[in-house]
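Chain letters run A, B, ... following the sequence lines, proteins first, then strands; residues in each count from 1. In this text the structure is predicted, and so the values were computed from the model without any measurement. Heavy atoms only: backbone and side chains are in, while hydrogens, waters and symmetry mates are out.
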There are 2 protein chains.
Amino acid sequence: MRVAHFLLVSLCLVLFSTCMAQSSSEYRHHLMPVPAHVEFHAGQMAIDGTFAVSTDAKPEPMMKAAVQRMVHRLEGRTGFTMATDLGTGTGARLVIHCKGPSPAVPKSLEDESYTLEITPTQAVLSANETVGILRGLETFLQLVDSNRSGYYVPALSIQDAPRFPWRGLLVDVGRHFEPVEEIERTLDGMAAVKMNVLHWHLTEDQGFRVESKKFPKLTGMGSDGLFYTQAQVKEVITYAAARGIRVVPEFDMPAHSSAWFVGYPQYASARGPYQIQRGWGIFDPTFNPTDERVYKFLNGFLEEMAKLFPDEYIHIGGDESNGKQWNENHAIQAFKKKHNLKDNAALQAYFNQRIEKILKKHGKKMVGWDEVLHPDLPKDVVVESWRGEKSLNAGAKQGFQGILAKPYYLDLIKPASEHYLGDPLPADSDLTPEQAKLILGGEACMWSEQITPETIDSRIWPRLAVVAERLWSPGNVRDVADMYRRLARVSVQLEELGLKHEGQTARMLRRVVQDREIGPMLVFASTLQPGTTGQRERLQKVNQLFPYVRMADAVVPDPPGGRELQAAIDTFLVDPGHNGAQLLGILNRWKTAVPDVRATVGAHPVLAEVAPRVQEFEWLGNVGLEAANYIQTHTVPPPGWLTQNLSLLDEAAKPKGAVRFVVLDPIRQLVQAAAGVPQAKLQEPAEED
Amino acid sequence: MRVAHFLLVSLCLVLFSTCMAQSSSEYRHHLMPVPAHVEFHAGQMAIDGTFAVSTDAKPEPMMKAAVQRMVHRLEGRTGFTMATDLGTGTGARLVIHCKGPSPAVPKSLEDESYTLEITPTQAVLSANETVGILRGLETFLQLVDSNRSGYYVPALSIQDAPRFPWRGLLVDVGRHFEPVEEIERTLDGMAAVKMNVLHWHLTEDQGFRVESKKFPKLTGMGSDGLFYTQAQVKEVITYAAARGIRVVPEFDMPAHSSAWFVGYPQYASARGPYQIQRGWGIFDPTFNPTDERVYKFLNGFLEEMAKLFPDEYIHIGGDESNGKQWNENHAIQAFKKKHNLKDNAALQAYFNQRIEKILKKHGKKMVGWDEVLHPDLPKDVVVESWRGEKSLNAGAKQGFQGILAKPYYLDLIKPASEHYLGDPLPADSDLTPEQAKLILGGEACMWSEQITPETIDSRIWPRLAVVAERLWSPGNVRDVADMYRRLARVSVQLEELGLKHEGQTARMLRRVVQDREIGPMLVFASTLQPGTTGQRERLQKVNQLFPYVRMADAVVPDPPGGRELQAAIDTFLVDPGHNGAQLLGILNRWKTAVPDVRATVGAHPVLAEVAPRVQEFEWLGNVGLEAANYIQTHTVPPPGWLTQNLSLLDEAAKPKGAVRFVVLDPIRQLVQAAAGVPQAKLQEPAEED
């Protein structure tokens, strides 16, 4: 009876997900982002050593370089030696039509559309601008597949264009610096998923990261020697432009600015000296908005930066000014009274208007976080919302352009599915069509309190790809299961660009256990993800100098282990008598790994904090095997078995060792199934921040 | 009876190797290179968050930076936040005494000696020069170990100094270019194993890799745009110097010089035009040694390079000049006759003498390959021998200094043990003590026909560490088993420097199979290594444009798989009835992997060439299991079983798919044991080049 019930429910689920997959397309493609329109045809175009690319357009340098990069990646997957130079004419296997070049530095509104037509004999990629060709080349690469007969791309028609023109990634290099190689790898990954804005968060309380020739003490005293020279900045901008990516620098002010004041304490609102902050949080040091010398200084600095960064926008931050130094400074209080500024928000608005005028003088438009939103600002200011859709819409209703950041905070270690479903312009938005046009897009944010050059790739990737899809693809592309299916392939393709996310867990575990044999530890790691930012702050007292080399750093956000277990349980419950192999395989692998994991954790004190998780790991495997056995043998568990195990599951959900299990929900489902609890949607245990 | 025999033989082997290990030291350390003198004492010094380094010497920048790097690596393994700044005084856990600084750029003869005394309360590192401190810091890091109670280093006394002053690595960036990051990573690895010379092979028929401002067409036409700017060269030299490593540039002449002539054909011995060579081998283009314009040009070029590279040596190559262009040029023939130069060797000697004078004028001494050896050259010329010990000794007997390269060609994909046992000055050398002093050391050579930036780390590492030990440690340190034991740990420690050798197989396999689940393929890969250079040339027709992304690139030289199987068989044969778990575990893992490996290889044409190896892999697992079963059940195999399987083993030793098995000898031993063949030393099947 119980088994029949499982069978029915699970069969429905299986049928349902099959239908979903079929409905999106007959061909199970791995495109991410999904194109605006795609239609698959019968047949395929073979790819072999004769593959070449030619164009009847003027083969300008940006296109030639993009084709070379693309062909090298194709060689890397297929092993064929190919012609990497862009040919002329229309005779090659892949032919490019392009109406004209993109500007040398990408603008904020460019035509990124393209079409791709593939028949069994030829592929034709067409665009109005080179940047559209770049986007189409990435699509082509994602289409490459193979079978016993060879490599191929499927015959199809694609008409594609982005839903939003601003699809960004913020990289915070203030809290932890990232070297140029890392930024360039990240740009390669962004281009692969058609993102077009690098928001470079260059200044923070914990570090000032860009060379100013006018004010050398900014990095000389505020960076620990970790900063980008102007030559490096130019290199990054060129690298990004070649991939159709804008670089928008952020100089956060008036707060988040301790590092500025280490060298220039005279521009703060309280007497110095100042030091680089080592802890995390909101700090008091703030520019003095009432001092004309501050505007003279910032004018000089922003003039220099306006020349260095060619993008039409400069981001001035504006977030989290706590007003403490202002409140404690009598001259500032007097200034507020004199100018009828009723509170600190009004004072900050005054500051922003002054800065906006400086930017305009140097040919730049302003971007700022929610807090800058003020009716007196000109309407070409762009507001970036870390507060969410409501705040974003409030701006649009006042006529401000906006970009959404809140659902895309990669540092919060949330599942890809959660980022995926956050939408800058959801179907139920109450904005008018005119207001909706003001929503330019969104930005994923890689805040760097708890990441280093060693771990950043695994915190950005592969999850950034689903934000890229949200911002490029039609709003109704929202099938989470299909997203994860495609993401697995895209993640591996991103690795070919030098990104290090896939190898990270093994690499870090090898180091801490000082051994290349880490198989059992990898099994353990497959059940875990990092603790939340808050958990790590409380449990590990992390700061800028903390070595981020713990288990919480080795494991990755939202790993496939949880989904794989869930899939195995789904299959098992359809027919426990016959479908047990996959589930029992996983659980027995856990069981087998336990003794080695316990010994390894015991012998390496850096891992000691996860010892309670090893206990729970052992118990989770055992209870899973028990549950499977009850189900397979149609045995009713003893009284109290369910209650006891559910309470142990709750215990395992509590913060420990700064790592969290990703397998609790599936095990809970299995336990409940064994105890005959109806398979309604499971309530997830509340998780602490 | 048969079993008793195995038991006896194998027990002796086990006892023997135990004695060997004990004789070197009571404590099983992981030092590589082994220090000149080391004595372990009772007790250990704990390492925790209070660890710090201080000095009573002048804390000059080189020492401070080295300490910071060292502490960061210690943090990376232990997870403690430590003081990274070098303190003053003698109160810290690790105290440095140093008599004086090393020169800003390392000289060819420096005092690299150091002593390290560790007691349970303090470690004291002493040296005459900073470079000795650097060497000692690496030793300290290799000593760090852990147990349940914490991290520690053992109490000990070390007095250490290198056996040879010239311990180099040649990196050929001519045939395949390597970016600056890769060179810097390599320098970090070299420093970790106490090597002190980067021999930078900068020019080849296939590419000219260093910017000349005087002669911009050298890279402008001869490099495909892949070269080091002078700023980058300076960066690399500074990076190397900070690690106590000299940078000796090589500009190969008169042959191996096609790339020079693409831009400057007038200096060749035959009329151009010339092109960058894409194939491998020895090419005809050669400087014209009879044309005074050639010396003017080379004088200008070498003057510029002499200023760019601060080392006192410049390497001028001089190898493999085939004389073809000289023979076909009537003016050159006439010149030879006129100057009484009896053959092309004499003509090349004339050229070398001219070049040597140019170098001397610019303050440099000359290094060249064997072919430069000529009595008329001054005795401060250093001869590097790719021909081997005989050639090296011939030079020493004529009074020339020499360095040995031949046994250390990393590109030949030989086992670490073979490189390890090659010695520039073996115990049976017939050189006099005076002549022996002329043997300066040796250089491992990473020729780059078949490597790329993606694979170079796995071709250099970890094998380079054993060459480093040969050149640093006393000549009687030659225990191969103990070397491999230590090498496993050192290999993982090298990865913390960013070197990518450990993760390479997984990374490349993920890409070609476009999937992160590659467990069975890794099992298959553990039994394989790349084919020899010659095999790849014949089977894959490789050249400079070939994408090195095949199975032969993914697998690594001399992987542990073969040794692990051998160890399991040794254990098994001691007591087949009880010791089977390890061996059967390995063989069953193979068996389980086969179906997935076959499907994966079938679906990805880039892997198709290894399909015959999959067949053999399956067969090797099966025959291993059969043999183990015969032995365990005391069953005599059927007639013909031995003959048939030995011939299949011979078949599996033949070149196929450009990959070679590393498990044939152990399986052969097992098969012979099953058939009752006495366990005399097995004859290895002859392997084709």
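For chain A, the nearby parts of Glu75(B) are the backbone and the side chain; heavy atoms of each come within less than 4.5 Å. Using a 4.5 Å cut-off between heavy atoms, Glu454(A) does not touch chain B at all. Of the atoms belonging to Pro179(B), not a single heavy atom falls under 4.5 Å from chain A. With a 4.5 Å cut-off on non-hydrogen atoms, Glu564(A) touches chain B through its side chain but not through its backbone. For a residue to count as touching a neighbouring chain, one of its non-hydrogen atoms must lie under 4.5 Å from one of that chain's; by this rule Arg550(A) touches chain B with the side chain only. Only the side chain of Glu495(B) comes within less than 4.5 Å of a heavy atom of chain A; its backbone N, CA, C and O stay farther away. Heavy atoms of Tyr548(B) lying under 4.5 Å from chain A are absent altogether.
Among Gln514(B), Arg510(B), Arg511(B), the single residue meeting the side chain to side chain donor-acceptor pair (under 3.5 Å) criterion with Gln493(A) is Gln514(B).
Arg507(B) has no carboxylate O lying under 4.0 Å from a charged side-chain N of Glu502(A), or vice versa, which leaves the two without a salt bridge.
Judged by distance alone, with hydrogens and angles left aside, the side-chain atoms of Tyr151(A) form a donor-acceptor pair with the main-chain N or O of Val606(B) at under 3.5 Å.
Ranked by heavy-atom pairs under 4.5 Å with chain B, the list Gly79(A), Pro560(A), Ser149(A), Pro547(A) is led by Pro547(A). Each of Val144(A), Asp145(A), Thr84(A), Thr78(A) has some count of heavy-atom pairs under 4.5 Å with chain B, and the biggest count is that of Thr78(A). For the set Glu496(A), Arg489(A), Glu517(A), the count of heavy-atom pairs under 4.5 angstrom toward chain B peaks at Arg489(A). Of the listed residues Pro605(A), Gly503(A), Ala608(A), the one with more heavy-atom pairs under 4.5 angstrom with chain B than any other is Pro605(A).
Applying the 6.0 Å contact sphere to CZ of Arg148(B) captures no more than 12 heavy atoms from other residues, nucleotides or ligands.
Here OG1 of Thr81(A) is found 10.0 Å from CD of Gln540(B). Values are rounded to the nearest 0.5 Å. Distance check: Glu181(A) CD to Glu184(B) CD gives 8.0 Å after rounding to the nearest 0.5 Å.
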